[in-house]
There are 2 protein chains.
Amino acid sequence: MPVDVDFEAMVTAKRADQISRIPAEWLLPEAITSRVSPATSEISAFGLFQETTLLTAREREITESYDATSLLEKLASGQLSSLEVTIAFCKRAAIAHQLTNCLTEIFFQKAIMRAKECDRYLSEKGTTMGPFHGLPISVKDVFMVEGEVATMGFVSYLEKPPATHNSVIIQMLLDAGAVLFCKTNVPQTLFVCDSENNVFGTTMNPHRLSLTSGGSSSGEGALIGFRGSVMGVGTDIGGSVRAPSLCCGTFGFKPTVDRLPWAGQQEHLRAGWPGVLPTSGPLATSARDLSLFTKTIISRQPWLQDATCLAIPWREVPRILNPKLTIGVWLEDNELPVTPPVLRCLRAAADKLRGEGHTITFLKCPSLVELIEVAKLGYRFDTSGTMQSHLRDESPIEPVINMEAALDNGPISLDSVWEFGAGRDTFRQRWGQIWRDNNLDVLICPGSRQVAPLHGQYGVPIYTAIWNFLDFPAAVIPFGKVDKSLDAKQMRDGSVPLHYDVNVVDGMPCSVQVVGWRYMDEETLSATEIIAECLSRHEKPLNGHVLVDSGRKGSGSAKL
Amino acid sequence: MPVDVDFEAMVTAKRADQISRIPAEWLLPEAITSRVSPATSEISAFGLFQETTLLTAREREITESYDATSLLEKLASGQLSSLEVTIAFCKRAAIAHQLTNCLTEIFFQKAIMRAKECDRYLSEKGTTMGPFHGLPISVKDVFMVEGEVATMGFVSYLEKPPATHNSVIIQMLLDAGAVLFCKTNVPQTLFVCDSENNVFGTTMNPHRLSLTSGGSSSGEGALIGFRGSVMGVGTDIGGSVRAPSLCCGTFGFKPTVDRLPWAGQQEHLRAGWPGVLPTSGPLATSARDLSLFTKTIISRQPWLQDATCLAIPWREVPRILNPKLTIGVWLEDNELPVTPPVLRCLRAAADKLRGEGHTITFLKCPSLVELIEVAKLGYRFDTSGTMQSHLRDESPIEPVINMEAALDNGPISLDSVWEFGAGRDTFRQRWGQIWRDNNLDVLICPGSRQVAPLHGQYGVPIYTAIWNFLDFPAAVIPFGKVDKSLDAKQMRDGSVPLHYDVNVVDGMPCSVQVVGWRYMDEETLSATEIIAECLSRHEKPLNGHVLVDSGRKGSGSAKL
C-alpha cells in the first residue's frame, strides 16, 4: 500500500469515484457484497449472482446465450439493438465488478450514448458501422481510451491526466463500430500472472473468489469469465492473455508479435525493448471469436496506423482443405510436471481429437528448464529501473518480489543480448525440427502447471512464456474441470516444487493450449476452432456454474 | 597481405588451384590478361572481350539475349538444353573472371554433369525438375555448397574443409532444378561495399576496371554485369546486394529480413545478432527475375527448412488492380547530397514515370544524418571481436579500417541496444507517417551518393543502409549513365565531403532505388517491375557497352 499519506487519500478517492460510476440501481446489497473478499474461499461469483434479480430474463439471455459472432449477427440484422445489448453488458459488468473487482475505469454512460449512435446509424443508413457494429468490447487498462485515465494500478499514475488519444487498436475497434464500456484491472507492474495492485486491489476469480483470475489481463479474464463482457482486448508478454483465460475458463489468443497493433498505449515500458516482446490479443467466449477479432483488425491494415505492426495481410485458411489435423501432444516437461487435472484433461483432449480422426503424435520436446534459462534473459534487459520508477511511492506486491527473484540469474550485459538471441535461434531450430519431423499443423500442451491457484501463487508462467520466447502464436481453450474423485493424486515435484491440493481447486476450469508455427496465426486460429469444436461435442457444461457454459467451446450452437 | 609465410604460400596455392579449374582452352591470351589490373583506368571488360573469339555466336546469343525468365522458358520447352546453356555461362564466367577477378570457387565440371542430369530428367520424365530447371545460378562465397570450400577471402579460412552440407537456400535452388557453377568474390569482412580481400584480390568493375564492382556481393555484381551469369544470390546487411548492382548495372533486391532463408552459411558472424540484420537477396538482369527468384524460394516454404525464416506465404499481387502507382521521390538528403549524375537520372526517372501516368510526389524526409547516428549502433554490438578473430593472420584492408572509424561513435553497451531499438521505432513511425500522408505504393531514391567509385572509395553506404536499418524491402534498377556533357557540375559537400570527378566515371551505369514498406516484398517487386518497364521504354542501350544491354530494364523484350 502507498506509503505517502496523500497517495492513500488519492487511492481512497479513486475507489470512491470508481464505484460512483455504477448507477445506484445496479449496486448489489450489502448482504451480498459483504461476502466478497479474496480470502473468501468456496464462494463463486456465480453463486452470489444467483441471489440477485438485477438482470432481467432478456438481459440474462443477451449476456449468456451468444458469443460475439452470433451477437453481431443479431445486431447487424436489427434483431437486437446495440442499446439493449450495451445496457445488458454494462449491468452485468457492474455486477461482475462488485463480485470480482475486475474493472478500473467505468464509462457506461458514454457506452450508452455510443450504442444509441450505432442504432441510429443502422436505422438511417441501413448498414452497419463495421464488423463490430454495436458490440460492447472491454479493454485492459493499458490501452488509451480518449477521456479516460490509464493508471494500470500504479499509485504514481493517479496523477496522470486522462488520455487525449486512442491507442491504435482502440481507434480501430471504434472505426469497426464497437462500443467501449469499461477498462479492466491488472496486477502491479503487469509482469506477473497474479491480479493485485495498490490502486484497485485484487481481482478475484469468478469461479472461486479465493483463487486468482490470473494476469496480467486479470480483469478481462474475470469479466469475460463471468460474461460481463463477451469480447475483450488484453496484452501478453509471458502469458498475460492466456493465464487469465485458463484461470477463468475463457478463450484467449496470443498472436505472433506485431501482427496486432501495439502503439499508443499508456507508457510503462522503456522504449526500444530488445528481449521477449509483448503483443495485444483477444479474450473471448468462443474460438471463432478469437478468429473474428484477429481477422477484423488485421484486415483493416493496422500497419497503416502503427508502423511497428507487420504489413502481413490476413489470409483466409479454407477449412475444407484440411479437415483433419496433425496434432502434436506435449504432455509435460519431465522436470516441470503439471498437476493431475491438467494432465488428465490434456490426455482426454488428445483422446477426443484422435477419436474424431485427427492424427495425434506424442512429442518429446527440448528441455524446458534449459530453455527457461535463456528465455529469462529476455525479460531482464531493462537495467534502468523503468518499472521501479513507476513504483516510487508504493511497495511491491509479493508476486512481483518473487518474480524478480525467479528471473535473477546473474549479471546482465550486452553479451546477454547475444546469448539470448543465439539461444532463441537454437531453440527455434529445435522446435522447427519437431514440427518438420512430425508434419505438425499445431501442437497442444498445458497452458500452466496448474489451474487457477490461490491469490499470489501463480508463479513463473513457464508453459505460456515459452511461446512468447519463441514467438509462436498460442491459444487457450477451456476444457474440462478439476474433479476431486479423479484428480486427488500425489504429483512429482520436478525441479521446481509445486504445492497441489485438489480441495482448493476442485471444480475449477481446466484448459488446453494450442500452439502454431510463427506467423501462421491464421492456421493456428483455424486449428483452434476445429479443436474447440471437437472438444465441445457431447461435453457437459462446467460443473456448478450453470450460468456460464464454459463447456461450450465450439463455434456451433450458441444457446446454453 | 598475409604476414605469415605459410599463409602467403597458401594464398599462392589457392590462386593457382583456382585458375587450374578453368579449362585451358578457355584461358585468355597474355595479350589480353596483361592489361587487366585494378589500376588500369579506362579499360572495360567488354572492350577486352571484343578482342577474343572464345564464345561462339550461339554462346553469345545464349548469354546476351535472355533474362532468367526467358531462358527458363526455353529450357523448359527444350528449345535450349541445360548443357549448352551451362557451357555457355561457364565459358563466359571464365572470361568474366579473367577480366574482373570475380570468382572464388569454380566447379564447371560438376555444373556440366548436373546440366546433363537436368536434360536427361526432362527427356525421360517429360517434365522439369522445378521452376529453375537447368538454369546456371551463381552464388556468393558465403553460401555453403557441398564439396566446395567457403573462405570468404579470409586467409585463416583457407584451413577450413569443404562444406559437407548445402546452405538452406542452396539446397532449395538445387531442389528447384538449378545448376550451380561458381561462387563469387567478396571484400574482406563483408562489412564494406568495396571488393578486395587478401586471398582472391580485388574484383573489378566490368564497365571500367579501375572502378569498384561494389560489395559485399562484389563478384556477383561483376559477373552478372558482364553476363557471365544471369542470376545470382547475394546477401545484404547495409547494401551488399544493391551496391554491386548499382555499380555494375544489374538489378538487385534486398527483401525484408528473414523472408528468404539465411541458415547454413559459412560461419562468420557471432550467433544471436541483435542489431541490423542481414538477408539473402537476388541479383539479376531484369526486374521480373528478382520477382521470379523471390517468389520461387518463398513459395517453396523455406521456413520448413530454416526456423528463423518467416512463415509468410508468397502473395500474388495482381498487376491489373494497380496499374498506376503512387510513387514518392526522395531526391537526396540536404546534408548528404548526391553527385550530379545520380540526381539527374533520378529526376529523369521521376519525369518518365509521371509521363506514363504514375502519381509522383516529391518527399521531404527525416534527417538522414540523425538516422545514421542511430543506425550505426546496429552494426556495432559485437564487442567480442568475432570479425577480428577471422583476420588473425592478415592486415585489414583500408576500407575496413575506414569503416571501423566511421562507425565508431562512442562506447557501446546494453543501453545502446535500447537506444537503437527506440530510435528505430521512432524513425519507422516517421516514415510510416510519410507513407500514410502520401498514400505511397513505393518510393524511389538514390542507391548511393555516387556511381561506382575508384577501388576502396565506396565509403559508408548510407542510402542503402537506411533500408536495412528500417528493414524495408528495396530494389535497384539500372537507369541511364554518367554523361560528361551533362554531369560536369560542382557539387555541394554536405556534412560528409565527397570527391567527385566526372572524368573518372563518365559512361558508368546510373540507377534508381525502389523502396517498399516492410513485409510488402510482393508489392515492392511488382512496383519494381512496373517502374523498370516504364524506364526501359524508348531507352538507348548503355553507351559503349553494346554487349550488355544495361538500358533494357523491363521484363518485356529480351532480345538486344
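All chains are named by letter (A, B, ...) in the order of the sequence lines, taking the proteins before the strands, and each is independently numbered beginning at 1. Bear in mind that the values here come from a model prediction, so they are computed numbers and not experimental data.
- Per-residue heavy-atom pair counts under 4.5 Å with chain B were compared for E419(A), M520(A), E522(A), R518(A), and the maximum is reached by R518(A).
- For the set D425(B), V417(B), L310(B), the count of heavy-atom pairs under 4.5 angstrom toward chain A peaks at L310(B).
- By the 6.0 Å contact criterion, CD on E267(A) is open, its count of non-hydrogen atoms from other residues, nucleotides or ligands being 12 or less.
- Highest contact tally toward chain A, considering only L470(B), I312(B), T426(B), is held by I312(B) [criterion: heavy-atom pairs under 4.5 Å].
- Listed here is the closest heavy atom pair of A307(A) and R428(B): CB-O, 3.2 Å.
- Taking 4.5 Å as the limit, every side-chain heavy atom of Y519(A) sits out of range of all side-chain heavy atoms of W303(B).
- Among G432(A), A311(A), G421(A), the residue with the largest count of heavy-atom pairs under 4.5 Å with chain B is A311(A).
- Of the listed residues R270(B), R424(B), Q429(B), the one with more heavy-atom pairs under 4.5 angstrom with chain A than any other is R270(B).
- Atom CG of L414(A) sits about 9.5 Å away from atom OG of S384(B), to the nearest 0.5 Å.
- Only the side chain of R436(A) has a heavy atom closer than 4.5 Å to any heavy atom of chain B.
- At a 4.5 Å heavy-atom cutoff, Q433(A) makes no contact with chain B through either its backbone or its side chain.
- Each of S416(A), A263(A), P313(A) has some count of heavy-atom pairs under 4.5 Å with chain B, and the biggest count is that of P313(A).
- When heavy atoms are compared at a cutoff of 4.5 Å, R315(A) approaches chain B solely by way of its side chain, counted from C-beta outward.
- For the pair W418(B) and A271(A), the tightest heavy-atom approach, listed with the atom from each and the gap, is CE3-O, 3.3 Å.
- Looking at W431(A), neither its backbone nor its side chain comes within 4.5 Å of chain B, counting heavy atoms on both sides.
- T308(A) touches chain B through backbone and side chain together, each having a heavy atom under 4.5 Å away.
- Neither the backbone nor the side chain of W435(A) comes within contact range of chain B; no heavy atom of the residue lies under 4.5 Å from a heavy atom of that chain.
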